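Note that ligands are numbered from 1 as they come in the structure, with each ligand's atoms numbered from 1 the same way. The shown structure was predicted, so the numbers you read here are calculated from the model rather than taken from an experiment.
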Amino acid sequence: MTTILPHLAASFAERFGGGPDCVVRAPGRVNLIGEHTDYNDGFVLPAAISVETQVAARRRDDGMIRVMATDFAGAESQFALDAPITPDPVQPWADYVRGMAAVMLAAGYAVPGADLAVAGTIPRGSGLSSSASLSVAVGTALSALGGLDLAPATIARLAQAAEGDFVGMKCGIMDQLISASGIAGHVLLIDCRSLDCTPVPVPPDMAIMIVHSGVTRGLVDGHYNARRRSCEMAAAALGVAALRDADLAMLDAARAQMDATSFARARHVITENARTLAATSALTDGDLGTLGALMAASHVSMRDDFAITTPAIDALVAELQALIGPQGGARMTGGGFGGAVVAVMPVARAAAVAADLTYRTPAGDSPDILIEQACAGAGLL
Ligand code: GLA
């Protein structure tokens, strides 16, 4: 059970005076398998995790939003709701807040003015969705303050639009939806076309380990949007609405109609969708060996066909796979170009695997290791 971060209430009082009307939390996520499939209408298998963003919020009646970030030395951004909302030229983190307010207004919601203080525990640059959790937390807070009563899936869609249309990262729905809708003790098989979520219990004897490579994900939006464009080109060449609708036979038959890059990107997505469904069955059966093998194949596909891993991440994954052996597995998780690796293994093996890992980050440090629980999605504290 999460509690309110001690410095959050203190920072709120210091900056705004008095206390908040409410405090909300929205978790980060780890994706077990199903990478770059969400914006291809495919399948993903994430869990919400215990690291999270918290927002302390109080209504204002002057149509202004003031937001301060305790984790950025109290940096502040403020904007009016009755004027065009534009990006903050000096505080890029605030664009997730501005973007959320802008898309909510554009969708016709009566967004209230607010004082907001933000704090979080998600390691920065780890690829565990700190930005999605910030947007979802702000949406949840504004919904509560304004009595809007927005459903989790609605907040997720708005947060995705904020990131795509306002921030400019044309992401899929996975991160926002799992942050809004996670279920404690479960991963969710998400059908990113229908947005149906099927909860799959995490077997009690399975540990979920997250290792932060220390390779921070820098300005990756350009690479990400380029991958998305390649997938859309491949889908168009195949004559399907999205790569979700294609199989390997169709792809092979259309090889001459697309460039080699689009072909490889599409092969990753098509095979990754199949692996994600197979992994869901393996998890349901408690079959960690099969799950691990599918994760290993996913990593190879991200490395060779989707070209989103880095040599340091490949080395970390290889070492984890060797330490874990056949009863589990490891792969990079998230958008790529750095960030975290996810591993599954019997609970009894986790301490030894963590202790034996010799990987060092590019700065020469031992990596941060989290043993995570699947947690509930966003809500009031
Ligand atoms: C990022 C995006 C998600 C998803 C993953 C890759 O986290 O925000 O929508 O595409 O990358 O699976």
* What protein heavy atom is closest to atom 11 (O) of ligand 1, reported as residue, atom name and distance in Å? -> Gly335 CA, 3.3 Å

* Heavy-atom contacts with Asp175 under 4.0 Å: which atoms of ligand 1 show up? List them by number with element. => 1 (C), 2 (C), 3 (C), 7 (O), 8 (O)

* Structure fact -> If we number the atoms of ligand 1 from 1 as shown, the ones under 4.0 Å from a heavy atom of Cys171 are 2 (C), 8 (O), 9 (O)

* **Greater than 12 external heavy atoms within 6.0 Å of Asp62's CG** => yes

* Structure fact -> In Glu35, His36, Arg331, Arg275, the residue satisfying side-chain hydrogen bond (donor to acceptor under 3.5 Å, both in side chains) with Ser301 is Arg275

* Asked: Against heavy atoms of Gly172, which atoms of ligand 1 measure under 4.0 Å?
  -> 9 (O)

* Structure fact -> When distances are taken from atom 3 (C) of ligand 1, the protein heavy atom at minimum range is Asp38 OD2, 3.3 Å

* Is a donor on one side and an acceptor on the other found under 3.5 Å between the side chain of Ser143 and the backbone of Gly139? -> no

* **Distance-only N or O hit between ligand 1 and His36, under 3.5 Å** => yes

* Asked: To which of Tyr39, Phe306, Tyr224 does the heavy atom nearest atom 10 (O) of ligand 1 belong?
  -> Tyr224

* Interfacing atoms of ligand 1 (cut-off 4.0 Å, heavy-atom, Met174) -> 4 (C), 5 (C), 12 (O)

* Under 3.5 Å: donor-acceptor pair, side chain of Thr309, backbone of Ile313 -> no

* Structure fact -> Sequence neighbours excluded, the answer for salt bridge (Lys or Arg N to Asp or Glu O under 4.0 Å) partners of Asp191 is Arg244

* Any sub-3.5 Å donor-acceptor pair from Asn31's side-chain atoms to Gly334's backbone N or O? -> no

* Asked: If you look only at pairs with a residue in residues 48-58, which of them pass as a side chain to side chain donor-acceptor pair (under 3.5 Å), with sequence neighbours excluded?
  -> Arg25-Glu52, Ser50-Glu372, Glu52-Gln54, Thr53-Ser133

* Structure fact -> So the atoms of ligand 1 within less than 4.0 Å of a heavy atom of Arg29 turn out to be 7 (O)

